[in-house]
Amino acid sequence: MISAEPLIYVIIFVAVLALVQGAYLVIFGKSISMDGKVNRRLDMLDKGGNREQVLDQLRKEMTQHMKSQSIPIYSLLANKAQKANIAFTPAQIILVMILVSAAAFVMLTVMTDVSVAVRALVAVLMGVGGVYTWISRKAKKRMDMIAEQLPEAVELMVRSLRVGHPFSSAVAIVAREVPDPLGTEMGMISDEAAYGRDMGETLKAMAERLDIQDLRFLAVAVTIQQTSGGNLAEILDGLAKVIRARFRLFRRVAAITAEAKWSGKLLSGFPVLALIGINLVQPDYFDEVMESPLFIPAVLVVAAFLVINLIVMRALVDIKV
């Protein structure tokens, strides 16, 4: 008889995600959550941090993950952890995977009757998969927020330049006025420029680290103005309009492709939901067919088709703008 354990697995997986997020907020505080009015850099300075020390800590957090790509398994997370700006060190992330795997094993032991080997395998998959899912969600959220904040930040630079501020001061104003995540990023640029690093080079490094095309446009515009001259305010004003137009286009493409994305998820998820529902209504429904030697191969073939469906639908709606 097939049990309702898949539903229990889903509940435990959600609990793993909540456990990771809760531990992250407890260790690093509410300022790390990117939804505060004061960005994290200013919060650290307000708590008595030295400007140079704060810069060193933030720079270490923002570069530590790509430097650890040689660590087995962690290389799969490094790029997303970099974009999400996870404050956990690579070693701490691996430790979190181990701890949540242990917690998942305990929950599986309490809530299910499967063998120890299966519990251990599922617990490890939940620990690694849960941390990977958590980091992926944070990376996507952070990149979306930066893309949304960037036009406003560039327009704030334009207004600052037009009233007579130099570009370095305009960046510092953005660092004070814009919340996270872009506020802290611009604060790092302002601090690095204050310590002598070229502004265009700093912007280019940030654009490459975050892999955002609009930031590359900003870095190129500033670099060209530094070498060739020109009215930077007018250049950035035009850039802000281009960024806003691209952002609107991205949103429109996302809206058009949303139906196809959810159709793919529904088509792949419905058989699983139907299996759980049938099992809850009539637990012995599959007892006869389970004795057939073709049952397991058929299940694997169906699972493969469901995964292929997700991949194909994702590829069809992955429109490059």
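Counting begins at 1 with the first residue of the sequence. Computed from a predicted structure; not experimentally measured.
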Report task. Classify the side-chain pair Thr109/Arg119 by whether it contains a donor and acceptor separated by less than 3.5 Å. Result -> yes
Check: [Y] and [X] side chains under 4.5 Å, non-hydrogen atoms:
{"X": "Glu192", "Y": "Arg59", "value": "yes"}
{"X": "Thr184", "Y": "Met44", "value": "no"}
{"X": "Arg142", "Y": "Leu210", "value": "yes"}
{"X": "Arg159", "Y": "Ile173", "value": "no"}
{"X": "Glu185", "Y": "Gln149", "value": "no"}

Query raised in the report: Would Asn39 and Val178 count as a side chain to side chain contact (heavy atoms under 4.5 Å, CB included) if you check the C-alpha gap in whole Å, the side-chain angles of each, and the deciding distance to 0.1 Å?
Result: CA-CA 7 Å; Asn39 63 57; Val178 176; over 6 Å; no
Query raised in the report: Can you name the residues that form a side-chain contact (heavy atoms from CB on, under 4.5 Å) with Phe217, not counting sequence neighbours?
Result: Gln213, Asp214, Leu239, Arg246
**Report entry** Considering all heavy atoms, the nearest Leu232-Phe167 contact
**Finding:** CD2-CD1, 3.6 Å
Query raised in the report: Shortest non-hydrogen contact from Leu17 to Thr133?
Result: CD2-CB, 4.1 Å
Query - Cationic N near anionic O, under 4.0 Å, Arg216 to Glu208 - result: yes
Query raised in the report: Is the closest basic N to carboxylate O distance between Asp56 and Lys60 below 4.0 Å?
Result: no
Query raised in the report: Would you say the side-chain atoms of Ser190 pair up with the backbone N or O of Met186, donor to acceptor, closer than 3.5 Å?
Result: no
Query raised in the report: So which pairs with a foot in residues 218-239 pass side-chain hydrogen bond (donor to acceptor under 3.5 Å, both in side chains), sequence neighbours left out?
Result: Arg162-Glu234
**Report entry** Exceeds 12 heavy-atom contacts within 6.0 angstrom, atom CZ of Arg137
**Finding:** no
